[in-house]
Amino acid sequence: MSFSRPSANGARLQSEVPGLPFLAFKQRLHSREEKSTNQEHSREEEDEEDDDAERELEDDQATLVTERCDTISMEYHVVYSESYQVPVLYFNAFHSDGKLLSLNEIWDRVPSLHRQRVEHDKWTVITQQEHPIFGRPFFQLHPCHTEDLMKQVLPNSSESKSNYIVTWLSSVGPLVGLHLPLVFSELCGDG
Amino acid sequence: MAADDREILREVWQGKLPICFSLADDEEKSSSIREPCFLLVSRLTYITLIAEKILKHFKKGEELPEGEELWFEFNNQPLKWHYPVGVLFDLLTHNTPLPWNVKIHFKNFPEDELLHCESKEVVEAHFMSSIKEADILKHRGQVINNMQKRDHKQLWQGLQNDKFDQFWTINRRLMERTNEEPFRSIPLRIYQRDKMYIQRLAKPVTSTGEPLNLGHVLKRLLPDLFNNSENLNNRALIHGVEVPTETPVQWLSEHLSHPDNFLHIVVLPREAAEP
């Protein structure tokens, strides 16, 4: 799994860690509404290198304005799970004062479309876990349903890997506020 | 399973550590009770599962004020509660005099290092997701997915209440081989000081069906530490015991796995392990 592609607004995806494929991006959300059903994105042309990593790549920062005017910084990582043999989405979300959002706040921010599932079985959808590379606490979108989901979304298993990642991320990302910039859809065409 | 082997499961289950919990210096002012609390704690449990006892002792069972959360520390290092107690002990203090002196805190929760753990449900979710992942590795998830919800609860209750029979009645099925075949992969994690643990796929047999032993696995996953010569400089501990490297990993997985169904292996430099 490896692809890297510059785009009009500097957005890139990359994953190059020997043995442990890994990909990261960040966005900043200002919410106009508590419920994130109508997420609007306006992108800031802002680049902020993360000290963290040669392997980590700054992507783009998206802005979403809400009433409470709390700026929430999101950080998303995709790490391949050898156990489940699927990519897994890890993320952190910080208030503007630097404090981590609580698990309850994360659950509350799940859009209403997916809310029922989270309320029914929240402990198997999103929990806090140790990041498998950095060893720090991250929220994890559980991988146990990924294979079934992808069989439905991508019935043709001969699809390319980049297609798989983009399709998967655009399917599960909205649960946790991640909306891929449109430019990634191009990867599905020629990936 | 041979009777002798079954005895091993029980021995492992009964492993306990004497721990002395005392208030961290900066917490002393706020508490009227400063006497330390001595507990005999199972090596297999999670340290946050004894939170009730700790709070009962130091806070007379009162709820903590908003913004405070119980956390544990040893030698200025916050303890990752999601590692079993025995793993933390082996990794951080192996062979130091007992009891193990652990400091407790209520303020300044280090949320950049520790997972929050505000209720037992958090521990249960972590425990069950480990068991599930382990079964994905061993049996493609077929055993755990065919269990009833009440079986899952029984595994958790068995651990939480320290009931060997309650736990093993169900866990036996997770540790069985399907059609006499060894596991697909061995669920294992290798811990070293000041490093992230290693979790990679580890097969129990070679492509021709020859059993692989602990030495083979260590050489493959930690080639710099376990090369072909005698492993004089490092040793691998499971439940605090140095296991012979010629032990087949399939056998280790069946008998020395933690209740979360993973083998937790602590690798230490020999001089640190034997002061």
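All values reported here derive from a predicted model rather than from experimental measurement. Just so it is clear: chains get the letters A, B, ... in the order the sequence lines come, proteins before strands, and each one is counted from 1. Keep in mind that the numbers below use all heavy atoms, side chains included, and drop hydrogens, waters and symmetry copies.
- Going from atom CZ of A:F134 over to atom CG of B:D112 covers 14.5 Å, rounded to the nearest 0.5 Å.
- Only the side chain of B:Y83 comes within less than 4.5 Å of a heavy atom in chain A; its backbone stays farther off.
- For a residue to count as touching a neighbouring chain, one of its non-hydrogen atoms must lie under 4.5 Å from one of that chain's; by this rule B:K132 touches chain A with backbone and side chain alike.
- Contact of B:L201 with chain A is made through backbone and side chain together, with heavy-atom distances under 4.5 Å.
- Contact of the B:H126 side chain with the A:W123 side chain is not registered, since no non-hydrogen atoms from C-beta on lie closer than 4.5 Å.
- Interface residues of residues 149-160 of chain B toward chain A, defined by a heavy-atom distance below 4.5 Å and sorted by number: B:K149.
- Both the backbone and the side chain of B:E111 come within contact range of chain A, judged by heavy atoms closer than 4.5 Å.
- Residues A:Q129 and B:S129 are in side-chain contact: their nearest non-hydrogen atoms beyond the backbone lie under 4.5 Å apart.
- Contact annotation for residues 114-122 of chain B against chain A (heavy-atom separation below 4.5 Å, listed by residue number): B:L114, B:L115, B:H116, B:E121, B:V122.
- Between B:H82 and A:E130 the shortest side-chain heavy-atom distance falls below 4.5 Å.
- Annotation: B:R184, atom CZ; neighbour count of heavy atoms from other residues, nucleotides and ligands within 6.0 Å is above 12.
- Between A:H131 and B:M196, the closest side-chain pair of non-hydrogen atoms is not below 4.5 Å.
- No side-chain donor-acceptor contact under 3.5 Å links A:E82 to the backbone of B:R200.
- Considering only heavy-atom pairs separated by less than 4.5 Å from chain B, the leading option among A:S83, A:S102, A:G135, A:P137 is A:P137.
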